[in-house]
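Take a look at the structure below.
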Protein chains: 2
Amino acid sequence: MGRENSGIGQVARIGLGRVTIADLAMALDLSKGTVSRALNEYDDISEATKMRVAEAARRMGYRPLEHAQAIRTGRIKSIGLILQMDEHDGYGPFLRDYLAGISQSASDLGWSLTVASAKSSADFERTARRMVEQRRVDGFILPRTLVNDTRFNLLQRMDVPSVLFGRVGYGTGTVDAGASWYDIDGEAALAEAVNRLVKFGHCRIGFVGAPAEYNYSHIRRDGYLRGLAEAGLEHDPDLMISDVRTFSDGERAARKLLLLAEPPTAIVYSTDETALGAYDAAAGFGLKLGRDLSIISYDGAARGSYMQPTLTTFRVNLSEAGYRLASLLVRRVEGEAPESLREMAKAQLVRGGTDGPAVLTSLQLATRICRTAA
Amino acid sequence: MGRENSGIGQVARIGLGRVTIADLAMALDLSKGTVSRALNEYDDISEATKMRVAEAARRMGYRPLEHAQAIRTGRIKSIGLILQMDEHDGYGPFLRDYLAGISQSASDLGWSLTVASAKSSADFERTARRMVEQRRVDGFILPRTLVNDTRFNLLQRMDVPSVLFGRVGYGTGTVDAGASWYDIDGEAALAEAVNRLVKFGHCRIGFVGAPAEYNYSHIRRDGYLRGLAEAGLEHDPDLMISDVRTFSDGERAARKLLLLAEPPTAIVYSTDETALGAYDAAAGFGLKLGRDLSIISYDGAARGSYMQPTLTTFRVNLSEAGYRLASLLVRRVEGEAPESLREMAKAQLVRGGTDGPAVLTSLQLATRICRTAA
DNA sequence: CGGCTTGCCGAAACCGGTTTCGTAGATTAA
DNA sequence: TTAATCTACGAAACCGGTTTCGGCAAGCCG
C-alpha cells in the first residue's frame, strides 16, 4: 500500500453503497442510537417507534453489517468447523449433506459457517487458536469425539463455546462435564441389530468394535451386549473383537471369528468401513453374505449401497445432525447452559442384502469353512 | 436484550483481553495511526520504526481484528463457496480434499473460507446476495461451470469478484470475457486417452459425452476428436453419444454403442459416474472389461477404484485445484486483472484394469455380442 | 541564510455499528 | 399543585482498526 499507491490497482471491492444505520436514522428523523436500540428490541424504546423502524428497515433493505456489530458485541455470528485430514474417512460422500445441514441452520438463524482444515491434532490447536484470536468464529462444532478429547479440553480451557457431535468421557467420572452435544443413539441401534438377528434365528452373534479412543466404540459395544442380554443369550468373549480400524482390519476380524470352533452365523460391525472387509472374508471362505453369514453394521456410508449384496446398516442422517448441531451451538453462544443443550437422535435401519434368516447352525458353518480352508 | 437484561444470561463470549493496536501504540510511545501505517507498510513511515513496530507486534502477540479492519477497508478476507445441492455428485468423497485445498490456501494467505449451501439456482442467487450484502465474503469460487453460467453472470453484474473452476462460454463469441479461472485440461486428457487406446491397437473408439450445458462437455469432446485426428482415424458420428448424465444413461449409451453393426472395441467416457454404467452393460453382454472392451474415463472419482476391475481414468487433483483457486481469488480481490489470473493444469492418468490391448476386432466383437443377445 | 522540499509522525476524522448517560416531557404520587 | 418517577429519546463515547491532513524538523539548493 502506501499513499501514492491509492487508485493504482483498481481494487475490486464488493458492493458499495449499502444502506447504513445512519441512513435509516436520517430517513426516520431519529438518532443512530435510537434506531439501533429499536432494532435490537431494547425496552426503553416505544412500541410505535420499534414498528416504524422495523418497517423502514424492511422497506429500505437495511442489513446490519455484521462485522461492524461484532467489533462492539464480540460476536461474529459464525460457526467454526475444522476438517481433520488425519482421520480415515471423514464422512465420505456425505460431507456435503453434513455441511449443508450446518450451513442451512446457520443461514436460518442469520449466522454463517467458517471452514478450516487441519492436518494433525497439533495443527487443530493452532488453527482453532488463530480462528478465535482473529474472532472469525464464535464457537466450534466438534465431530468424531474421543473418550478423552483434547480438542474439547482445549476449547473449554480457552472458554470457547463448542458443541460435540457425539459424547465424551465414557467410563470416566466426568462424563460430558460442561459439554453440549448431539448424538445418535448407537447403543439402541446395535441392540436393535442384535435383536433383529436373533429374530432371524441367529444365536451366535459376533461383534466387531471400533478403536477404543472413540467414545462411540464403547457405546456401541454396550448396545451389542444389551441386545444379547435382552435376547437372553449369553455373552461369549471370543465373539468380540475390538480396536478394529480399517477395511483390512475388518476383514481380518471376520476371518478370525469365522475360524473359531463355533463361529458366529452373524456379525455386528461398529462401522461400515470395517464391515466392508467382511465381503472379502466371506468370499474367501465361499460364503454368501445374507445367507451363510449375516452382517449388520452402522454408519450408512455410501459404499455399502453399491456393494453386492448391499450392506444392511444403520444410517445416520448427517444433514439433520448438522442442522441440529448448528442450532445448538448458536444457543450455546447466546448463553444457554450446556446441560440444557443435549439431543439424542435415532439411526435408521437401511435393509440391505447382508442379513437374513439363519440357514446354517454354527457347527454346520464351521464344517463348511473347514472344508474350504483345507 | 434490553438494559435490564445485562448480565443475566452469563453470555459466553470468545477470548477477551486481546492486545489491540492501542496497546501497541502505548508500549511503543507512538500514535495508533502510526502503528497502523507501519504494519501496513505505508512508505511515509521510516524503516526503523517499521522494524520496531513489527518486532513489538510479534513479541506482544498482536493479531489485527479482521472485522475491525473490514469495516474501514471493505475487505473481510474471506472466500465464499456455495455448495449446490441440486447437482448430482458434487465431488463425492473428494469434497473434503477440495475444501482442504481451499482452506489451506486461504489460511496461508491470512484469509478464511465461508461455506453456504443452496438448494436451487434461485437459492444460489439469494444466498450469494445475502453473503455479499452482509459482507461475509469478498468473492466466490464457482465450481462446475456451465457454458452459460448464470451464477457467473450474476456476480459479474453485482461487481463481485469470482474465480471459476472450469471455463465458460464455449463456442460463443465471448469466451471467458472478464473471467478468471482454473481448469484442468480435459481436451488434452481425452486426446491422450484416445492415443493410448490407439497404441493398444483399437481402431474403433466410441465416445460418451456429458450434458451440453456443462462447458467441459464440449472441451472433452474436442479432445476426443483431436485424438482421433492425431491418430489418423476417421470420425464416425455413430460412435458418439452425447448428453449422458447419470449412471444408467451411461449404461444405455454403452449398450447402444455395442449393438452397432461395427461396435467400438474401446469407449472413452467424459465422466466416471457415467463410465461406471459400462460395467453393467459389459456384464450384460458377457464381456470382460479391459480385455473384450476397453474403457477410459475422466474425473478420478473414488468409486472407480473399488470396482472390479478398477476403472482407468484421468484423475483431477482437487486439493491442488482448491489451493490454486483460492489464491487466484485472493489476487483477484486484491485488484489483479482477471485476464492474468488463469491457470491450466493437467489431469493424471490412473491406470486401472478397464483398458488394454485390443484382442478382438470390431467384427469379432459384434459376433460375440450378437450371440449373447440372441 | 532563507526558502523549498522531503521524511516522518501526531491528531483527528472516519467506518458502521452498540452502549452509556443524561434529560425533556409526560405521568404518577403526595 | 408540586415533587418524584417513568418513558422515550438524543448526544456522545466507544469498539478497533484505517486514512486524511497538517506540521515540525532536517536536508538541499542557490
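Letters A, B, ... mirror the listed sequences (proteins, then strands); counts begin at 1.
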Within the 4.5 Å heavy-atom criterion, are A:Ile79 and A:Asp138 side-chain neighbours or not?
no
State which of C:dT19, D:dT18, D:dG16 makes the closest approach to the side chain of B:Gln69.
D:dT18
Validation row: A:Val168, A:Trp181 side chains within 4.5 angstrom (heavy atoms):
no
Atom-pair distance (CG on A:Asp44; C1' on C:dG22), nearest Å:
12 Å
Euclidean distance, atom CD1 of residue B:Ile76 to atom C1' of C:dC15 [Å, nearest integer]
13 Å
Atom-pair distance (CG on A:Asp43; P on D:dC6), nearest Å:
14 Å
To the side chain of A:Leu65, which of D:dG17, C:dG16, D:dC14 is closest?
C:dG16
Spacing between B:Arg75 atom CZ and C:dC15 atom C1', to the nearest angstrom:
15 Å
OP1, OP2 of D:dG17 versus side-chain N and O of B:Arg18: anything below 4.0 Å?
yes
Pairs under 3.5 angstrom only: tabulate donor-acceptor contacts from the side chains of residues 56-68 of chain A to other protein residues two or more places apart or in another chain.
residue, atom, partner, partner atom, Å
A:Arg58, NH2, A:Glu55, OE1, 2.5
A:Arg63, NE, B:Glu133, OE1, 2.9
A:Glu66, OE1, B:Arg136, NH1, 2.2

Quick one: do A:Arg130 and B:Ser107 satisfy side chain to side chain donor-acceptor pair (under 3.5 Å)? Show the steps, please.
CA-CA 10 Å; A:Arg130 190 172 39 74; B:Ser107 158; 3.2 Å; yes
To the nearest angstrom, the CD1-P distance between B:Ile71 and C:dG16 comes to 7 Å
Is it true that, when you exclude A:Met344 itself, more than 12 heavy atoms of the residues, nucleotides or ligands shown sit nearer than 6.0 Å to its CE?
yes
Could you walk me through whether B:Thr114 and A:Ser112 pass the side chain to side chain donor-acceptor pair (under 3.5 Å) test, one step at a time?
CA-CA 7 Å; B:Thr114 298; A:Ser112 73; 5.1 Å; no
For a quick test of reading the model, state the closest non-hydrogen atom pair linking B:Gly178 to B:Glu339 and the distance between them.
CA-OE2, 4.0 Å
Only counting residues at least two apart or in another chain, list the ones meeting salt bridge (charged side-chain N to carboxylate O under 4.0 Å, His left out) with B:Arg126.
B:Asp123
A:Ser327 versus A:Ser105, closest heavy-atom pair with distance
N-OG, 3.4 Å
Nearest heavy-atom contact between B:Thr145 and B:Arg167 is OG1-O, 2.7 Å
Let's go through B:Thr34 and B:Arg37 carefully: what are the C-alpha distance in whole Å and the side-chain angles of both, what is the deciding distance for side chain to side chain donor-acceptor pair (under 3.5 Å) to 0.1 Å, and is it a yes or a no?
CA-CA 5 Å; B:Thr34 301; B:Arg37 282 176 320 218; 3.3 Å; yes
What bend angle does the helix from C:dC1-D:dG30 to C:dA30-D:dT1 show across its length, from five-pair end axes and to the nearest 10 degrees?
50°
Between P of C:dG10 and OH of B:Tyr42, the distance in whole Å:
16 Å
Partners meeting side chain to side chain donor-acceptor pair (under 3.5 Å) with B:Asp97 (sequence neighbours left out)
none
Got a sec? Which of residues 45-62 of chain B come in under 4.0 Å of DNA chain C, heavy atoms?
B:Ile45, B:Ser46, B:Thr49
Picking from C:dG16, C:dC8, C:dG17, which would you name as closest to the side chain of A:Arg72?
C:dG17
So which of residues 23-36 of chain A are in contact with DNA chain C, with a heavy-atom cut-off of under 4.0 Å?
A:Lys32, A:Gly33, A:Ser36
Can you measure A:Gln134 atom CD to D:dG16 atom C1' for me and round it to whole angstrom units?
14 Å
Could you tell me how far apart B:Glu66 (CD) and D:dT18 (P) are, to the nearest whole angstrom?
10 Å
Side chain of B:Arg37, base of D:dT20: donor and acceptor closer than 3.5 Å?
yes
